[in-house]
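Note that the structure is predicted; figures quoted are calculated from it, not measured.
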Amino acid sequence: CNLRCPFCNQWGDAGYFRAGARKVESMNSDSITSLIEKLSPHDSMINVHGGEPFAYKHIDSLLDALAERDFDVLITTNGTLMKSHLPSVARIKNLAFILSIDGDEETHDRVRGKGTYAQITNGLHELFDLRRQLGLPLPLVIMSTVVSEWTSDVIERAFTTASELGVFIVNYNLRYFMPEDAGLAY
């Protein structure tokens, strides 16, 4: 992932990739394309997620393979790297996103990094424009907001942000449902 969100269990302050507990590995382009070719779009939904899927070095090959067939595709992303892949993303007919946005611009940028909110929203608007040009429906967008010590005091702003962006629904991602000992160890 290109971000280092403090609460992330993968790349955050105590994340397993950052701590070296797991090695980052990914499939090569031929293997991923072969896998997609073996699946049926009539009984398969493809969920592309990471880390950050747009950081995957073969993402365009994967997106192109998905666009060639009528898969239902759900991409879970922080959205900051999407813009450079818009031509491939826009061609996927049945497209949905789980997009990580932690409330309003000020809150989101405080948690995920300065300027990331603008990167996401600009990319999303460009994707909407491109799909309109292609005559394709706008993707279903689910805004995932992490409820944490960095966002809990302004959580009501998430709904306003979602309304302004035209997203379908807000998913409030609660990260505190774990035993206290596990939380303290994290």
Side-chain angles (χ1 to χ4, degrees), residues 1-18 44-56 59 62-63 66 71-83 85-86 89-90 92-131 136-180 182-183 186:
C1 184
N2 59 313
L3 300 182
R4 297 296 178 262
C5 307
F7 47 70
C8 180
N9 67 337
Q10 294 180 21
W11 289 102
D13 297 336
Y16 51 80
F17 285 128
R18 195 148 177 207
S44 300
M45 177 183 173
I46 307 297
N47 184 353
V48 182
H49 64 105
E52 172 50 45
F54 291 108
Y56 172 52
I59 189 65
L62 171 59
L63 296 171
L66 293 171
F71 283 104
D72 293 327
V73 177
L74 172 65
I75 300 174
T76 304
T77 178
N78 66 39
T80 59
L81 301 176
M82 180 173 62
K83 194 171 178 178
H85 304 281
L86 288 180
V89 174
I92 297 172
K93 292 181 186 86
N94 305 315
L95 181 62
F97 285 97
I98 296 177
L99 191 60
S100 300
I101 300 178
D102 295 312
D104 63 1
E105 184 170 8
E106 179 185 345
T107 303
H108 179 87
D109 281 359
R110 184 176 68 240
V111 173
R112 298 193 185 248
K114 186 169 176 56
T116 56
Y117 182 90
Q119 286 177 291
I120 296 165
T121 56
N122 291 340
L124 190 62
H125 292 304
E126 286 186 34
L127 174 63
F128 286 179
D129 290 343
L130 190 51
R131 287 185 67 87
L136 294 171
L138 297 184
L140 175 98
V141 179
I142 299 166
M143 187 174 108
S144 182
T145 298
V146 177
V147 178
S148 70
E149 60 271 30
W150 296 280
T151 62
S152 59
D153 60 332
V154 294
I155 201 66
E156 68 281 352
R157 294 182 194 164
F159 183 79
T160 303
T161 299
S163 296
E164 291 168 355
L165 293 176
V167 305
F168 177 70
I169 196 166
V170 179
N171 169 46
Y172 293 98
N173 188 343
L174 306 173
R175 67 181 206 113
Y176 291 114
F177 293 103
M178 64 176 73
E180 186 175 354
Y186 179 74

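Here the CG-CG distance, from Asn94 to Leu140, works out to 11.5 Å after rounding to the nearest 0.5 Å. Interatomic distance, OG1 of Thr151 versus CD1 of Ile101, reported as 13.5 Å (0.5 Å rounding).
Looking at Leu66 and Val48, their side chains come closer than 4.5 Å, going by heavy atoms from C-beta outward. Within the 4.5 Å cutoff, the side chain of Leu74 has heavy atoms near those of the Ile98 side chain. With contacts defined as side-chain heavy-atom distances shorter than 4.5 Å, the pair Val141/Leu165 does not qualify. Side-chain contact between Ile59 and Leu81 is absent, with no heavy atoms from C-beta onward closer than 4.5 Å.
In terms of heavy-atom proximity, Phe159 sits nearest to Val170 at CA-CG2, 4.4 Å. Across Ala158 and Met143, no two heavy atoms sit closer than the pair O-CE, 3.2 Å.
Crowding of Tyr172 atom OH: a count of heavy atoms from other residues, nucleotides or ligands under 6.0 Å exceeding 12. Annotation for Phe128: atom CZ counts as buried by contact number, over 12 foreign heavy atoms lying within 6.0 Å.
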#### Entry: Test log, rule side-chain contact (heavy atoms from CB on, under 4.5 Å), inputs Thr76 and Asn47
CA-CA 7 Å; Thr76 304; Asn47 184 353; 3.5 Å; yes

### Message
Working note: Phe97 + Val167, criterion side-chain contact (heavy atoms from CB on, under 4.5 Å); need CA distance, chi angles, decisive distance, verdict.
### Response
CA-CA 10 Å; Phe97 285 97; Val167 305; over 6 Å; no

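Under the side-chain contact (heavy atoms from CB on, under 4.5 Å) criterion, Ala90 pairs with Leu127, Leu130, Arg131, Leu134, sequence neighbours left out. Applying the side-chain contact (heavy atoms from CB on, under 4.5 Å) test to Asn171 and every residue at least two apart in sequence or in another chain returns Ile142, Ser144, Asn173. The ring pair (Phe, Tyr, Trp, His ring centres under 6.0 Å) search around Tyr56 returns His58, not counting sequence neighbours. Under the salt bridge (charged side-chain N to carboxylate O under 4.0 Å, His left out) criterion, Glu126 pairs with Lys83, sequence neighbours left out.
The side chain to side chain donor-acceptor pair (under 3.5 Å) analysis of residues 152-168, with sequence neighbours excluded, yields the pairs Asp104-Arg157. For residues 108-119, every residue pair satisfying the side chain to side chain donor-acceptor pair (under 3.5 Å) rule, not counting sequence neighbours, is listed here: Asp102-Arg112, His108-Thr116, Asp109-Thr116.
Using a distance-only test at 3.5 Å, with no hydrogens or angles considered, no donor-acceptor pair links the side chain of Thr77 to the main chain of Leu99.
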